[in-house]
Amino acid sequence: MLIQSGLGNFNTNTMTATVNFPKTFPTKCCVVQLIPNNYYGSYTEGDNVVLKSFTNSSVTVQLMGHAPVNNRTEFFWLAIGY
């Protein structure tokens, strides 16, 4: 089992992001968890970080809702696979 995590940033024009995993999962990426980094209170109620797709080597996500204030575009990701 391989567990990877990190911090991603949305493209402020499209509010999407593609994160390349530091290490490609040799067989399969089973699950990806996404959480907005709301430390600065940038996100508002109803904003969701949505998983668009993922492969053994990357994940593509989109922010559904309002663009974060103060140019805070960070989100945490966690991927588990083998």
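A heavy-atom distance below 4.5 Å is not found between the side chains of I80 and C30. Within the 4.5 Å cutoff, side-chain heavy atoms of I3 are placed close to those of L78. Inter-residue side-chain proximity for F10 and V61 is flagged as met; some heavy-atom pair is nearer than 4.5 Å. Put simply, the side chain of V50 does not reach to within 4.5 Å of the side chain of L63, judged on heavy atoms.
Here the straight-line distance linking atom CD1 of I35 with atom CG of L7 works out to 11.5 Å at 0.5 Å rounding. To the nearest 0.5 Å, atoms CG (N9) and CD (E74) are separated by 5.5 Å.
In this view, Q4 and L2, F21, P22, K23, F25, W77 satisfy the side-chain contact (heavy atoms from CB on, under 4.5 Å) rule, not counting sequence neighbours.
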_If you apply the rule side-chain contact (heavy atoms from CB on, under 4.5 Å), what do you find for F75 with V19, and how did you get there?_
CA-CA 11 Å; F75 62 93; V19 174; 3.9 Å; yes
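Here the side chain of N11 pairs no donor or acceptor atom with the backbone of A17 at under 3.5 angstrom.
With no hydrogens or angles considered, no side-chain donor-acceptor pair links S58 and T18 at under 3.5 Å.
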